[in-house]
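Please read all numbers here as calculations on a predicted model, not as lab measurements. The figures here come from the full heavy-atom set of this structure, side chains too, leaving out hydrogens, waters and symmetry mates. Below, chains carry the letters A, B, ... as their sequence lines are ordered, and counting in each starts from 1.
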2 protein chains.
Amino acid sequence: MSSTYDPADFPAFAVTVDLVVLTVRPPNLEVLLVRRAEAPQKGRWALPGGFVGPSQDLADAAESKLVDKTGIRVKQAHLEQLQTFGQPKRDPRMRVVSVAHLAMVAVPSEPELEGAAWHTVGSLDAAALAFDHAEILQAGVERARSKLEYTTLATSFCRSEFTLAELRSVYEAAWGERLDAANFQRKVLATEGFVESTGRTESAGPGRPARTFVAGRAELLHPPLMPPGAL
Amino acid sequence: MSSTYDPADFPAFAVTVDLVVLTVRPPNLEVLLVRRAEAPQKGRWALPGGFVGPSQDLADAAESKLVDKTGIRVKQAHLEQLQTFGQPKRDPRMRVVSVAHLAMVAVPSEPELEGAAWHTVGSLDAAALAFDHAEILQAGVERARSKLEYTTLATSFCRSEFTLAELRSVYEAAWGERLDAANFQRKVLATEGFVESTGRTESAGPGRPARTFVAGRAELLHPPLMPPGAL
DNA sequence: GTCTTTAATTGTCTACTTGACAAATATTAG
DNA sequence: CTAATATTTGTCAAGTAGACAATTAAAGAC
């Protein structure tokens, strides 16, 4: 079938990137959505994304969309390829294959850009999203949860310097379940390279001030942090 | 930028699927490769794959390549999307985005198809592979290992009816490390729904005959099977 | 047939990890 | 100064994991 090899012989696809940008604002896990300004599906919420340039790498395309929408540089966030969605009819206009990416960012304090807003993942109507974006979002949330379990990525939801309570709130937001502060702390500190103490403390409201930490160099957690069986 | 929306405005990509088909022939983990019959890279080993049709779903395309090359139906195997590779220069002819898939199959007894052969993963020269297929293969092996840890997919490397020794050899092949048969057995049988006893036994060579099992309906393992820290 | 070898299966024990909860410490708010 | 709150340290019972010995049941040599 591919004895000759003329580009024109093969069906042309458009390739896009779509981003599932997650953040934690305790006690919620939130996702960044944009309101579509154009038809089709004008006015509905959608994942930020766009076309990949003819000589642009997939990761570069995802990175530049992230900067466009959030102003967050990749250095301060986590960005990874998620999954590729290519159902023939997912976009009514033409055959589009979307390489979805997952970003985990610390909540930006700056005001939102036009048309973009954070939405709580739990209380989001799947039917309100454009195209197959509900499916993509679900894949992103599942990936995020599973990576939180066995990697140190929870730190990428935190400020550069953070307390263990903040780190704990990331897990609590992702699972919707409270964790014992004492056991959580011992587990985190027992894991070599998860966090590193700054020597400083910080206090917000009443209660003993908490020590602050920065992310360590480890990437994998052995053993995982969340209990088995927790969804 | 995307105020108008004419398909012709956007760069055309070719989309392919490439398959990392893994099997276990104790004590080795092996991958199916085909020898390229056409330029470029004529004569080098490559992952099986091909173009996605204009109205063909990605999963369907992967499935049909698997049947073409191995004759194995998806019902008896595991097939999942792996990762998408889209470096601008990965194929010299044109812009090609490849949606790589991972298949885990029981070793087929039938003779090989023309140009295709099983290769031991450990003793394979990465430089001998065409295009960026060495990178794809590495991603596939890593994915397979991590899924073996926390899912029941090891059973898809086994015949439909198998002994615990066979199942154990899957883990031993993937990690290159021997496991204690006694502890392995207790762990597997303690995991609800991993395997189900047939009541029959089977003996191959000397030694007490082993009971045979079929795969259970569970998909996830809690807790994981392999010890933390094992590569 | 009997003996030797091999592998599956069962049993046992020690060290470690987990999670629940109590106690001590260090702040803020009034 | 007192009450309230949150971090941090301490304790302990229950469960898990891995090492290794013992038992069972077959194949193959003689």
When the distance from [atom1] of [X] to [atom2] of [N] is rounded to whole Å, what number comes out?
X: B:H222; N: D:dA17; atom1: NE2; atom2: P; value: 13 Å
X: B:E202; N: D:dA25; atom1: CD; atom2: P; value: 18 Å
X: B:L189; N: C:dA8; atom1: CG; atom2: P; value: 13 Å
X: A:Q185; N: C:dT25; atom1: CD; atom2: P; value: 16 Å
X: B:L225; N: D:dG18; atom1: CG; atom2: C1'; value: 13 Å
X: A:L179; N: D:dT7; atom1: CG; atom2: P; value: 13 Å
X: B:R186; N: C:dT12; atom1: CZ; atom2: C1'; value: 9 Å
X: B:E172; N: C:dA7; atom1: CD; atom2: P; value: 12 Å

Legend entry - B:K187 side-chain N/O to D:dT16 phosphate OP1/OP2 under 4.0 Å: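 Answer is no, no contact under 4.0 Å.
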Legend entry - Side-chain N,O (B:R168) to OP1/OP2 (C:dA8) below 4.0 Å: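 Indeed, a polar side-chain atom of B:R168 lies that close.
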Legend entry - B:F157 versus B:L29, closest heavy-atom pair with distance: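 Result for this residue pair: CZ-CD1, 4.5 Å.
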Legend entry - Pairing residues for A:R178 by the side-chain contact (heavy atoms from CB on, under 4.5 Å) criterion, not counting sequence neighbours: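 Partners of A:R178 under the side-chain contact (heavy atoms from CB on, under 4.5 Å) test: A:E172.
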Inset, instruction - Could you tell me which residues satisfy side-chain contact (heavy atoms from CB on, under 4.5 Å) with A:R208, sequence neighbours excluded, listed by chain and number? - result: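 Counting only residues at least two positions away or on another chain, A:R208 forms no side-chain contact (heavy atoms from CB on, under 4.5 Å).
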Inset, instruction - Assess the pair B:F213 and B:F194: is the distance between their ring centroids shorter than 6.0 Å? - result: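 No - the distance between ring centres of B:F213 and B:F194 does not fall below the 6.0 Å cut-off.
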Inset, instruction - Verify whether the ring centers belonging to B:F85 and B:F131 lie closer than 6.0 Å. - result: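 No - the distance between ring centres of B:F85 and B:F131 does not fall below the 6.0 Å cut-off.
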Inset, instruction - Tell me which residues in residues 155-164 of chain B put a heavy atom below 4.0 Å from DNA chain C, sorted by number, or none. - result: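 When residues 155-164 of chain B is checked for heavy atoms under 4.0 Å from DNA chain C, there are no hits whatsoever.
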Expected list for residues 134-142 of chain B: side-chain donor-acceptor pairs under 3.5 angstrom, two or more places apart:
from	atom 1	to	atom 2	distance (Å)
B:Q138	NE2	B:E142	OE2	3.0

Inset, instruction - Classify the nucleic acid contact of A:A210 as base, sugar-phosphate or nothing, counting any heavy atom under 4.0 Å across all strands shown. - result: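 Sugar-phosphate, backbone atoms only, no base.
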Inset, instruction - Determine the contact category for A:R211: base if any of its heavy atoms lies under 4.0 Å from a base atom, sugar-phosphate if only primed atoms, P, OP1 or OP2 are that close, otherwise nothing. - result: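 Contact class for A:R211: sugar-phosphate only.
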Legend entry - Candidates D:dT8, C:dA20, C:dG11 - which lies nearest the side chain of A:N183: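 Selected nucleotide (nearest to the side chain): C:dA20.
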Inset, instruction - Name all pairs fulfilling the salt bridge (charged side-chain N to carboxylate O under 4.0 Å, His left out) condition that reach into residues 151-161 of chain B, sequence neighbours left out, sorted by first residue then second. - result: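 For residues 151-161 of chain B, and leaving out neighbouring residues, the salt bridge (charged side-chain N to carboxylate O under 4.0 Å, His left out) pairs sorted by first residue read B:R159-B:E166, B:R159-B:E202, B:E161-B:R200.
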Inset, instruction - Examine the side chains of B:T163 and B:T212 and answer whether a donor and an acceptor come within less than 3.5 Å of each other. - result: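 Absent: no donor and acceptor within the cut-off.
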Show the distances under 3.5 angstrom between N or O atoms of the protein and N or O atoms of nucleotides 27-30 of chain C.
from	atom 1	to	atom 2	distance (Å)
C:dT27	O2	A:G207	N	3.1

Inset, instruction - May I ask you to decide if A:V107's main-chain N or O and A:R25's side chain share a donor-acceptor pair within less than 3.5 Å? - result: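 Side chain of A:R25 to backbone of A:V107: no pair is present.
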